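Reading through the structure tokens given below for one structure.
As the structure is a prediction and not an experimental result, all values here were calculated from the model. In what follows, every heavy atom counts, from backbone to side chain, and hydrogens, waters and symmetry copies are set aside.
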2 protein chains.
Amino acid sequence: MAQSNLRREQIYGVAGALFSKRGYHATSVRDIAKQLNIQGGSLYAHIASKEDVLWEIIQRAASEFLGGVAPIASYGLPASERLRLMIRAHVEIVTHHLDDATVFFHEWRFLSTERERIVASQRDRYEACFRKVIEDGIRAGEFREVDAKLAALMTLSSVNMVYQWYKPDGPLSAEQVADGYTDLIINGLSAADTGGNP
Amino acid sequence: MAQSNLRREQIYGVAGALFSKRGYHATSVRDIAKQLNIQGGSLYAHIASKEDVLWEIIQRAASEFLGGVAPIASYGLPASERLRLMIRAHVEIVTHHLDDATVFFHEWRFLSTERERIVASQRDRYEACFRKVIEDGIRAGEFREVDAKLAALMTLSSVNMVYQWYKPDGPLSAEQVADGYTDLIINGLSAADTGGNP
């Protein structure tokens with residue numbers, strides 16, 4: 001990696017951690033520079049503004065979700081299987097990039113109006129992928145006739161909020177969280193006998 | 001209401017709206033005063049600090065949840081019925097106090113360490129009420145043998161996040177949101193045949 005790319009990666013890493021912990025507004029460019037042992041002014045050789053750093057972190061997270069999870073919605077698999085894979089992939093991203101996910105979910109409203117609008121449309125597109133799978137499942141008779149929009153919102157709320165309580169050294173692995181949520185969500189949607197009664 | 005109480009209520013109302021929209025850090029005492037058409041300095045006749053205003057807003061929300069929802073966990077009703085009532089009461093609070101709920105869920109990490117610790121323990125107590133009901137339901141055979149902690153987290157994540165997307169003038173009423181979520185959550189937990197299959 002070229003030297004300047006390496007530095008930029010360090011800046012995004014440090015900024016992600018600070019934005020996540022203190023929030024975007026309470027973090028100054030000087031705070032970021034200090035963690036990297038450089039002068040605030042030298043930081044501007046690598047980045048144009050603090051908001052550009054926020055934007056980059058948020059766009060990286062958006063790419064992970066839209067690139068790694070959304071395409072699963074179109075796989076040639078039963079809806080419940082697609083939903084299971086999507087929940088797992090989403091939880092993987094959140095738990096493996098906790099700082100960036102926190103910034104993505106928490107700080108996006110501090111972007112400029114133009115950029116905020118782009119993120120809003122990315123989130124809409126993402127939500128639509130979950131809704132599509134649930135609608136597919138209803139059409140196929142796999143799922144009950146639920147309100148697909150509400151079910152998609154509930155699913156996304158559950159998996160998004162993982163960033164707020166998940167501890168990498170806690171008792172649950174990312175897989176266990178994903179499996180537990182998948183079980184509850186799919187069972188909640190399921191049209192079939194849940195079979196849980198002994 | 002005494003004149004000074006009235007003024008304090010106005011301050012909390014305006015501050016709640018500003019903290020909710022822009023975030024705590026991006027809102028100054030002067031911003032709050034400006035909305036009330038008074039001098040920044042005169043605000044300090046009514047409040048000790050900006051953090052005190054944040055604390056008051058958060059404590060009011062905490063009282064709503066702990067006073068209005070948590071006690072339902074001990075009602076003499078089947079677990080699924082208690083959970084239904086708790087979800088409904090929680091969604092009612094969030095949708096009727098959107099600004100304060102947003103501040104409660106979003107800005108509490110900006111409290112001083114001491115106060116943050118109090119809120120964390122209030123949230124733990126609240127989560128424990130949901131967990132208790134789910135555990136009761138498992139013991140009674142109403143619910144499957146799920147991970148009660150994860151199920152409580154999922155339930156709370158879903159109902160908490162309502163503040164992020166709910167629009168009072170949107171297509172869904174608070175009751176419809178609560179009913180839709182209750183249906184999905186209880187069905188997800190349910191040990192019985194869901195009966196949704198025609």
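- Summarising the local packing, NZ of B:Lys132 is surrounded by more than 12 heavy atoms from other residues, nucleotides or ligands at distances under 6.0 Å.
- Within the 4.5 angstrom heavy-atom criterion, only side-chain atoms of B:Gln164, from C-beta onward, approach chain A.
- For the atom pair CD1 (B:Ile134) and CG (A:Leu184), the distance works out to 8.0 Å, reported to the nearest 0.5 Å.
- A distance of 9.5 Å separates CG in A:Asp147 from OH in B:Tyr181, rounded to the nearest 0.5 Å.
- Only the side chain of A:Glu107 comes within contact range of chain B, with at least one heavy atom under 4.5 Å from a heavy atom of that chain.
- Counting heavy atoms from C-beta outward, A:Arg144 and B:Asp183 have side chains that approach closer than 4.5 Å.
- For B:Lys149, no part lies under 4.5 angstrom from a heavy atom of chain A.
- Tracing side-chain contacts under 4.5 Å through hydrophobic residues (I, L, V, M, F, W, Y), one reaches B:Trp108 starting from B:Phe104; they form part of the same cluster.
- Within 6.0 Å of CD in B:Glu51 there are more than 12 heavy atoms belonging to other residues, nucleotides or ligands.
- A heavy-atom distance below 4.5 Å is found between the side chains of B:His106 and A:Arg109.
- Contact detail for B:Leu150 and A:Trp165: the closest heavy-atom pair is CD1-CH2, 3.7 Å.
- Annotation for A:Glu116: atom CD counts as buried by contact number, over 12 foreign heavy atoms lying within 6.0 Å.
- Contact of B:Leu172 with chain A is made through the side chain alone, with heavy-atom distances under 4.5 Å.
- Only the side chain of A:Phe110 comes within contact range of chain B, with heavy atoms under 4.5 Å apart.
- Residue B:Val162 is not grouped with residue A:Met161 when hydrophobic side chains (ILVMFWY) are merged at heavy-atom distances under 4.5 angstrom, including chains of intermediate members.
- Of the possible polar contacts, one joining the B:Asn187 side chain to the A:Asn187 backbone as a donor-acceptor pair under 3.5 Å is found.
- The shortest non-hydrogen separation linking A:Ser158 to B:Ser158 is OG-OG, 3.4 Å.
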Practice task
May I have the step-by-step check of side-chain contact (heavy atoms from CB on, under 4.5 Å) for B:Thr155 and A:Met154, ending in yes or no?
Solution key: CA-CA 9 Å; B:Thr155 303; A:Met154 201 188 92; over 6 Å; no
